[in-house]
Amino acid sequence: FKLMAGEVDALLAQAYEKDFDVGQLVREAAGGGEHKAAQKAQVLDTAIVRVTTDLRQSVVAHHEDLLASAGCLDQLDVEIQKVHESVKKLKINADAVRRQTVDPFKTLKDKTVLLARVQQTSALTRRITRFMFDARKLRSQLDASNPDFTRAALALRDVESALAEGFVENIIAVQTDVRYIRSASDQVRNAGRRHLRQGLKVSDSTALSAGLQIFFNLQSLWEEVKAALDEVLTLLENWPQRSSLRGAVTASTFWQEIDWFLNLLFVEASKVAFLDHILSDKRDTVSDRSFASVLADVGIASVAVYFWKRAVGILGGKLSHSAQDKSYTKLLVSLLPDLLKKLGASFDDATKQHKLSKCLRRSERAELMAAVDGFRNEFFTISKNRVVKPVELMLPDALLTGNDGEEMPTATDVTSYIRVLGEELTRASSCPELELGVAQNVATSLQVLHDRLAKIVDSAAVKAFWDASSGSQPSWRAPLARTAAVVGVAASVHQDMQSASSTPAVKGAVAALELLHKGTLDSLLQGGKKMILVALAKIQNPTPRNDGEGSQHIRQVEEVCRKAKEELFLMFHTSVILPQAKALCKFLVQAYIAHVCLLPNFDDAGRMLLADDATRLEMVMSSILMDVATAIAADIAMLQAFRRLAFEERLTLEKLREYMSSLPVHVVVLHVYSRLEVAKSPVQQLLGTSQPVLLEEVMAQCQENAWSGTRAVVQAAQSVSSTNEVEKSIVATLAAAVPAL
């Protein structure tokens, strides 16, 4: 019984839920078999009995309340009756509103739709009437003895707009007009094209204006102008006229075809320029709109420029297409400078002759030149090979590695190379479009020459030359000879090419060659200069030679100069070595004077020996330079004046002033100081510097009058009191000259 009571409670709880499913309950009971169904039915009966019992108990419990509320039922009935009456009145009012508003609105709506149809019919009628009027006007303008095509174009534009809208296609009454309009359209357009092409052909402003006005009225101005230009461009498309241009074409045939194209191009360009002038000036009298603004709307600023770009494009395209033939490419590359020159000259002449300068300017000229851009790279490649290959032949890789079996370039080789460079520059000089590129190729060739020559220079051979004794085996001769040949080649190329081109690239390469040959010569003589300095440094107390001619150190200087002349200078051309020979002689003078003027005072025999050394030094320099007195006149004069100064037994104030006018002040000060009684300390000790540094400073100022050590020397002489009045005057004279230093 307790188990059944629990099932009843569960069933009632489930039945009171909102989503209780009776069918699901029945299916579960039936699915459990007959026994379970009977059990479920018994539970349901029990639940029904319980619910009925509970309901009765609830009614009995609230019986008094129900009786107390029964008296209110009459009042409720009265309220419900009032509600019914209010609803009835509301319904009556709603029907009245419907009759007064909704029904009239429906009527108005129907009439509005009818009015819209009437208006559409009226508009269509007016448009048909307008269409028929324009058609009659078009017919009257075209059927006249002298048709006015410009006005007909206006009428035609209106009727064609109506045809484009399509509202007359199904109207039988106007089909005759439609057929006439389509016929008239061809007639008007053909007349406009005839005027436009005839005016363009003969540059007739009247015909052009008529044709342009027709198409302006028809709102197809640019389309028709473009079609007319396309017909002109078709003539250029027919170039080359002869098929022989493609294949084994000759230069004469090529120039004939180019002349034909250029003549046609500039003739037609002048006609188009005239058309462009008409378009830029013409305005529509009705709308007051310029024709140029119509073209500007489609991105055309000038029909002449438009035509030129397309025409030049045709030329470039034809040349590029024909370049598929290698023989043709080879021919055109060989003729490229002349072709560019011809294109430029033709453009310049045409812009003057045909008065195209207002339309075709520098940019259009550049476009014409750019038509052959496809061949420039090939031209520059061939040009580069033409100027670089001779360098590789003159200076092969085997020569750079020191192979003695390879010979250095001959003068003929160098002359031929320079001639090739000159011809290349001359060929491109008449064509500014190629000049810079060719100059760059020449600069590259010169740079390759410089790099290969620099690899041949043997600095070790130079050092071995000065270190080797005269009787030793000359192992340095072959590499030194090659170095001399390098200098000769670099000097020759520099001399002939320094004014060949004004482009920075060529000038830079030529300057590099100059630096190479001058730097090599300087390094060749550097060892000799060091040996000369070593020899002159031995001048402390002059010692005569056994043969009685000068001192021992001059013999060593003579030996250095003899070796330079007989074994070194002979390897070089006179014009190449002459500047270095002059420099060596100048160095001899400066070194000798610098060494001697720093010597302490010596006796008369020593002075005579030094004067004889100066004479011998002049003889040495004469053996190096044939006309040494003229080549280094200032240095020779300084040496002779110094020789006289050194030979002076007694130096007077007048002679001092004379020497100071012909010799650098510091040389006079240093030499005179060593001869004064007040000179207690040598100059080297006085200045507190080493002998090499002092010599370097004195030599550097042999041509100047500004050496800081001069003041210190004079001040040292002034600091010592002397009873010799001549020396006092001399020191005072030197001091008067020093403040200006």
Side-chain angles (χ1 to χ4, degrees), residues 337 380 382-395 399-400 408-457 459 462 481-526 568-569 571-586 625-627 630-632:
F380 287 138
I382 295 176
S383 171
K384 184 177 181 180
N385 292 335
R386 194 158 44 232
V387 296
V388 173
K389 196 65 177 178
V391 178
E392 297 174 350
L393 294 176
M394 287 193 304
L395 304 171
L399 182 61
L400 305 184
M408 289 295 295
T410 63
T412 303
D413 296 333
V414 177
T415 302
S416 300
Y417 170 66
I418 295 174
R419 185 175 64 253
V420 169
L421 297 184
E423 290 174 352
E424 201 68 19
L425 291 172
T426 302
R427 186 183 183 196
S429 62
S430 60
C431 182
E433 291 77 15
L434 298 177
E435 185 175 11
L436 186 60
V438 171
Q440 186 62 48
N441 288 341
V442 171
T444 301
S445 174
L446 293 173
Q447 187 62 47
V448 172
L449 176 68
H450 171 273
D451 295 343
R452 288 180 173 254
L453 289 176
K455 292 180 179 179
I456 300 176
V457 174
S459 57
V462 176
R482 286 196 297 270
T483 301
V486 166
V487 172
V489 172
S492 298
V493 176
H494 165 258
Q495 181 178 359
D496 292 337
M497 293 299 298
Q498 59 183 349
S499 60
S501 176
S502 60
T503 57
V506 175
K507 283 188 171 297
V510 172
L513 287 174
E514 179 185 17
L515 185 63
L516 173 64
H517 80 79
K518 289 185 177 180
T520 303
L521 287 175
D522 289 341
S523 64
L524 285 172
L525 295 179
Q526 194 62 34
L568 184 61
F569 288 0
M571 296 182 180
F572 299 90
H573 193 273
T574 304
S575 61
V576 176
I577 202 63
L578 181 60
Q580 303 302 321
K582 289 182 179 180
L584 181 61
C585 292
K586 286 177 176 289
L625 288 175
M626 295 184 62
D627 192 8
T630 304
I632 54 171

Nearest-0.5 Å distance that lies between atom [atom1] in [X] and atom [atom2] in [Y]:
X    : Y    : atom1 : atom2 : answer
E424 : I382 : CD    : CD1   : 10.0 Å
Q526 : S523 : CD    : OG    : 8.5 Å
L515 : D522 : CG    : CG    : 9.0 Å
T520 : L525 : OG1   : CG    : 11.0 Å
I456 : D451 : CD1   : CG    : 11.5 Å
D413 : L393 : CG    : CG    : 9.0 Å

Taking all heavy atoms of [X] and all of [Y], pick out the closest pair and write down the distance.
X    : Y    : value
R452 : E392 : NH2-CG, 4.0 Å
N385 : P390 : O-CD, 4.2 Å
L446 : A509 : CB-CB, 3.6 Å

Please, which pairs that meet ring pair (Phe, Tyr, Trp, His ring centres under 6.0 Å) have at least one residue in residues 482-509, sequence neighbours excluded?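 Output for this query lists H494-H517.
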
Using the salt bridge (charged side-chain N to carboxylate O under 4.0 Å, His left out) rule, collect all pairs that involve residues 429-443, keeping only residues at least two apart or in two chains.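 Salt bridge (charged side-chain N to carboxylate O under 4.0 Å, His left out) check on residues 429-443 returns R365-E433.
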
Pairs meeting criterion salt bridge (charged side-chain N to carboxylate O under 4.0 Å, His left out) with involvement of residues 510-520, two or more places apart: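 Found E514-K518.
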
Run the side chain to side chain contact (heavy atoms under 4.5 Å, CB included) test on M408 and V486 for me, step by step, so that the C-alpha distance in whole Å, both residues' side-chain angles and the decisive distance to 0.1 Å come before the verdict. CA-CA 8 Å; M408 289 295 295; V486 166; 3.9 Å; yes

With heavy-atom distances below 4.5 Å as the criterion, would you say the side chains of [X] and [Y] are in contact?
X    : Y    : result
V438 : R386 : no
T503 : Q440 : no
M497 : L513 : no

Kindly list each side-chain donor-acceptor pair under 3.5 angstrom involving residues 415-423, sequence neighbours excluded, with atom names and distances?
residue: T415; atom: OG1; partner: A411; partner atom: O; Å: 2.8
residue: S416; atom: OG; partner: T412; partner atom: O; Å: 2.9
residue: Y417; atom: OH; partner: S445; partner atom: OG; Å: 2.7

Set of salt bridge (Lys or Arg N to Asp or Glu O under 4.0 Å) partners for K455, sequence neighbours left out: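 For K455 there are no salt bridge (Lys or Arg N to Asp or Glu O under 4.0 Å) partners, ignoring immediate neighbours.
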
Pair N441, T444: side-chain N/O donor-acceptor within cut-off below 3.5 Å: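 T444 and N441 do not have a side-chain donor-acceptor pair below 3.5 Å.
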
Check whether S429 reaches the backbone of T426 with its side chain - one donor and one acceptor, N or O, closer than 3.5 Å.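 Yes: the side chain of S429 pairs with the backbone of T426.
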
Ring pair (Phe, Tyr, Trp, His ring centres under 6.0 Å) partners for H450, two or more places apart: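 H450: no ring pair (Phe, Tyr, Trp, His ring centres under 6.0 Å) contacts found.
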
